[in-house]
Every structure is written in C-alpha cells, then in structure tokens.
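For this chain, numbers begin at 1 and follow the sequence in order.
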Amino acid sequence: MLGRLWQVQILDGERYTAAAVADHVRHVVVPAVRGRILDDRGRPLARNKAAMTVFADRVALTRQPDRGRATLRKLAKALGRPYKDIEDRMRLCGPRTRQPCWAGSPYEPIPVAEGVGEWEAMQIAERPEDFPGITAEPRPVRDHPRGALAAHVLGYLAPGDSNDLVGKDGLEATYESDLRGRPGSRKVVVDSAGQVLRTLGEQPATPGATVVTSIDADVQAVVERALERAVRKAGKADSGAAVVLDVRTGRVVALAASPSYDPEIWTGGIGEADYRRLTSGAGSPLVSRAVQGLWPPASTWKVVSTAAAAKAGYDLRSRYDCPGSYRIGDRFFRNYGGADLGVMDLRRALVVSCDTIFYRFAERLQGGTAMQDMARGFGFGVATGVDLPGEAAGRVPDPAWKKAYWKQTKDRSCRAARTGYPQEKDAARAAYLKAVAAENCAHGHVWTAGDAANFSIGQGDVLVTPLQLARAYAALANGGTLFSPRVAKEVRGPDGTLLREVTPPVAGRLPVPAATLEFMRRALAEVPRSGTAAGAFDGFPLGKLPVAGKTGTAEAYGAEDTSWFASFAPAGKPRYAVVVVVSRGGGGGEAAAPAAREIWSGMYGLEGRKPALPRDKRW
C-alpha cells in the first residue's frame, strides 16, 4: 500500500494532476420542436407556443458557498412557488429518485418553472447579480387552443427517460415517433468543475411532423356539450361516452368521454394531488371511456341476435308472440316493465324492443354457439384496432369462458356463500348477493339457458365499448364493411409535404346477407318514429334527417340502469353513426337518445342550430 501510494503521488503525480484539471468534452441533447395535431379542416388541436421558462444552471449553483440554496429560496419567493418544488426539479434522476427530477444532462440548464409571467421573468433577467446561475427565456410548450376539447383523443405529454417530453396517451402517444422529430446535439467543453467553457459544434434538431386528424372540432364540441348535459341531467349518472364515425370510411369524426380533464394540467409537470385526482378521483377522468369503458350493451345488441336468428332459419317476417314473461327452467325472464306486447314480426320486435321473443330464440339455439359466432362476426370480443392506446377488447361470454372464470373466482364465491355480505347495509341486497355467491360456488361453471337468454338481449356478462358498438352499427349501415377505425388522416412534414396517408383498414365483413341488413335498417328507422325512442325524438324533423337507431337499457341489481342509444343517419343513405352511453343514466330513451338527438341536430344544423358539419360532408 505504501508503494502504491508513492507511485500515485510521486511517480505519476504530474499525470494525475494534469488529468484532474484537463478540459473534457461533453455531448448535450438539443430537443426538437414537437409537431402539431390538426383537425379535419386544418385547425390546431395541439400546437406549441412560446412561454417564459426559468432555467437553473446546476453546475453554477453547486459552486456557490451554500450550493445555491439561498439563490433558489430567493427564486421561489420571486415566483411565488414553494421552495421544495424548485429544489425537487433540480434533482438528478436515479433508480430510486421520485418525480419530479431531472433526467437530462447536468451540464445543460434545467427548467424549474414554466409558464412564468412576463413581469416575474423580467425581474429575474434584469437582476443577474441577485439570481446567479438563473436565466429566463422563451421556450416552446404544448398549447391546446381549444382548451379541454378532445382531451382523450389528444392525450398528454410527460417527461421521458431523457427528460424530454413524450406522449403518454392518445394521439400524442400513438404518433410519438412522428410528432417528436429528431433531437440535435451540442458538443461542449467543460472544465474539471463542470463549468461549460465553449461550444465545439452543434447538430440542429429536426422539427416533428404534423398529424392531421379526421376529428371535426365543431362536431367534437357539439358531442362534448351534449354528453355533459346528458350526464348532468341524469342526476345519478357518473360517466358516459359518445362516438361519431363516418360509416363510409371508418374514420372517427368525434370521440368524447365524461368526466374529462384539461391537458394543460400537465404543462410544467403535474402535482401529486392532481395526478391522484385524474387517476383515482371521482370518475377517474384520465380514463377514455369511449375506448376503455365497458358496459353491457342491452337491447342495442338485438341486431346481433336478429342476425343470428335469421341465419339459424327463423323467418324475419313470421309472427311471434311477445308475452310479458317467458319461462326458462324454473325461472321467468320478463320484458322491460313486464309489458305484454302481443303478436308481432321481428321488425316490430326491434322497434318496440321485445325481450321475450329473443329469450325464445336463445333457448332454442342454446346447444350451439350461433349467437356468440354472430357477435364475433360483428367485431365484438376483440379490440377494434383504433389508433389510440389502451383500448379494451370487451367480452363475448360462452361456455368455455364461464368455466375458466369460475375456476378463477370459485374460492371467493364459496367464501361469500358461507359468510355472506355483513358489510352490505341493505339486507335485501345482502341476501341476494349471498344467494348469487352460493349459486356461483356450486354451479358457476355451467352455461345455462338463463345465460343464453341474458346474452340474447345484451345483458349478463356481455361487455362492449362505445367504439365497438359504433363500429358494428356503422357496418350495419354501410352494407357490412367492418373497419378498424382511425383518428389520424395524414402525417405531413414540417414543410407541409405529405409523408403518408393513414387509411382505416377493412377488418372484415359482417356474416349477414344484404337482405337481412336492409331489413334491420328499415326496422331501426322506425324506432325514433314509433318505437322506444319516439319520446326522445318527438318534434325532431325526421323528414329532413331520418335517423335510425336502437335504445338500450342495461339493468343491474341495486343500481341505476345504464342508458344506450346507437344510431345512424340519414337512414336511407347512411353517412354517420352516433353512439351515446350514459352510465347510471336510466332508460335508453331517457338520457342517451336525447343526447344523440342533440348531436344530430348540432351536426346538421336542425332545430335552430348552426350546422357543425360543412355542407359537403352532410350527405
């Protein structure tokens, strides 16, 4: 050890001393300006704007006697922000470092405050002696000129691994590689203390591309207003979603979810309390219920069951009895409200939404998978493939699924069958849940005629997203083409040149003859005139815009019904499909259908409204 110490200090001392004071070359990443996101008419939905940003030179601060603490406290006071917030943003990220922290190079200025007012920034810039190591200058930040409009479509930005902002949801995430551009680099010389001495060279950054969407901002605004009004008026409603598709192309014209949020909340870094509110607060606003929300589709599902019955040989024009209830085994399955609607054909069964006719079909088809096969043919049970992240696949239950699910939940069901639900204050509900648990414990693996009956009217274990239902109704409307929807339409370079088109691929064809599709389209056109949506469309100018649709009321024991309305128009030559769901909103004609009416009126400029659609896109 003494020999090695002599070697380092005496023999090689000069070499180590020279290395310690020598200049070193460092590479600093220069971030690219992010590309814009535009609506169908070229109007910006997300862009960049210059905002005053305060930067701190970490190297300069650490060379101060107190390692810059006094300067940062003075800065925090000048900005009116907590000192700890400024200090945390100065930390270098590591494996165990919690956010916020700085993941970029310690040799480049660290942004510690964005969106700073001009007056505050001027105070800092004009008094460098009071704020050594601190600068203030304009910097591009994400701007949403229409506020919270289309928040779930656009997504948001958050710091990535190298601390540059990256898309974390929506189009910002899906088209991240296009929007972010190509970062540049700067080669700087620093001394042994980390102080930058000079710049050796710089490779400029390449700005990101522009993503042009099929979203119409005016239609999107109409949809969001109608959805929010429906959720608010329903009283106990807690969430909802709405989708508008172009049935001819598969493009998304509008997509909304409630509750929503303002993507500007991410600018400059989101606080822990705000993040908790978005992810686990009332309604979890960060969840895009149009593509991630799952509900039983209720009677909107009857187009699937009608097609399955027709394929199995049942005559669409034959007459069937629609009693108030239908017995399967030892259990009676009722019409909605227990109404006895008499004898009718399947056209009328769709118009007035008779349940018991479909129960009969389900019982007789129970031995096979005719209805499940048809549901999958309509695109249910799999993700649509839309160019938005996190899409749910939904569920088409069958005997195999039920057996697998029973294996996963058997222990829990059997335990609940023994102990009951003492935490449930409603005695009747507690008894019901205990009885259900006992049934699931003993026979939960068996696919019963009751399961088939529930399946036939879109109840029970069937789950769909609003986008899946909109795609299915769009296919019914366009003659059978099942698209994989797309929100983006084009990707253009920074100079405006077309880089590529984004075309919705054809995902398949409905396994339904053209005559059956035409039969169902004609039946659905009568629903707003004389069927379950007649009250919601009373006074609507169906002569100008004939709307075809189907209401749905998804029932759940001890909870409010979920309200659905799936529609397309013009009924004779469909151009758009509109689907609305209001969770805990009541009957389909009570919340969702009136919201859809408002959307159709707003799109086409009816009932005293200004048309949101341009003239060439209405018909």
Side-chain angles (χ1 to χ4, degrees), residues 40 214-231 233-234 240-249 251-258 290 300 303 351 466-467 469-474 476-478 521-552 563-582 585 587-619:
D40 185 55
S214 54
I215 296 292
D216 186 302
D218 292 346
V219 175
Q220 180 73 27
V222 167
V223 170
E224 291 189 12
R225 284 195 298 268
L227 179 62
E228 284 302 323
R229 198 170 356 255
V231 171
K233 286 176 64 176
V243 179
V244 180
L245 291 183
D246 186 324
V247 306
R248 303 177 188 178
T249 65
R251 297 193 182 280
V252 179
V253 180
L255 185 146
S258 174
T300 62
V303 295
V351 174
L467 181 61
L469 193 63
R471 175 172 78 151
Y473 270 71
L476 191 161
N478 68 28
R521 285 194 294 267
R522 288 180 179 274
L524 298 181
E526 295 183 36
V527 172
R529 296 180 181 275
S530 60
T532 54
F537 279 83
D538 183 33
F540 183 85
L542 291 168
K544 291 184 178 179
L545 181 67
V547 176
K550 187 76 191 75
T551 58
S563 178
W564 283 98
F565 190 69
S567 59
F568 54 85
K573 193 177 181 182
R575 179 68 189 268
Y576 300 102
V578 171
V579 167
V580 179
V581 61
V582 180
E590 297 172 5
R597 171 181 178 159
E598 185 176 338
I599 291 171
W600 286 117
S601 289
M603 288 171 62
Y604 280 83
L606 305 173
E607 302 184 292
R609 292 179 170 87
K610 180 181 178 182
L613 285 170
R615 184 180 296 276
D616 63 329
K617 293 194 175 182
R618 293 179 213 165
W619 311 103

Atom of Phe540, atom of Leu545 and distance for their closest heavy-atom approach: CE2-O, 3.5 Å
Inter-residue atom distance Arg251.CZ - Ile215.CD1, 0.5 Å rounding: 11.5 Å
Straight-line distance of Ser601 OG to Lys544 NZ, nearest 0.5 Å: 10.5 Å
Student check: side-chain heavy atoms of Lys550 and Val303 closer than 4.5 Å: no
Non-hydrogen side-chain atoms of Leu245 and Leu467 separated by less than 4.5 Å: yes
Side chain proximity check, Val578 to Tyr473, heavy atoms < 4.5 angstrom: no
Mutual orientation of the aromatic rings belonging to Tyr576 and Tyr604 [parallel < 30°, tilted 30-60°, perpendicular > 60°]: perpendicular
Pro614 vs Asp218 side-chain heavy atoms within contact, under 4.5 Å: no
Nearest heavy atoms of Ala593 and Ala536, plus distance in Å: CB-CB, 3.6 Å
Least distance between heavy atoms, Gly587 atom then Ser563 atom: O-OG, 2.8 Å
Verdict with reasoning, Met603 to Val244, per side chain to side chain contact (heavy atoms under 4.5 Å, CB included): CA-CA 10 Å; Met603 288 171 62; Val244 180; 3.9 Å; yes
Residue list, salt bridge (Lys or Arg N to Asp or Glu O under 4.0 Å) with Arg521, at least two apart or on another chain: Glu518
Glu590: partners by salt bridge (Lys or Arg N to Asp or Glu O under 4.0 Å), with sequence neighbours left out: none
Shortest non-hydrogen separation from Pro466 to Val579 and the atoms involved: O-CG1, 4.0 Å
Rounded distance (nearest 0.5 Å) linking atom CG of Asp538 with atom CZ of Arg529: 12.5 Å
Sequence-distant partners of Arg609, salt bridge (Lys or Arg N to Asp or Glu O under 4.0 Å), two or more places apart: Glu607
Heavy-atom donor-acceptor pair, Ser214 side chain to Val252 backbone, under 3.5 Å: yes
Any donor-acceptor N/O pair, Gln220 side chain to Leu255 backbone, under 3.5 Å: yes
Rounded distance [0.5 Å steps], CZ in Arg597 versus CZ in Phe565: 11.0 Å
Ala595 versus Ala226, closest heavy-atom pair with distance: O-CB, 3.8 Å
Glu598 side, atom CD; Leu606 side, atom CG - distance, nearest 0.5 Å: 12.5 Å
Nearest non-hydrogen partners of Leu542 and Pro528, listed with the distance: CD1-O, 4.0 Å
Interatomic spacing from CZ in Arg615 to CG in Leu613 - rounded to 0.5 Å: 12.0 Å
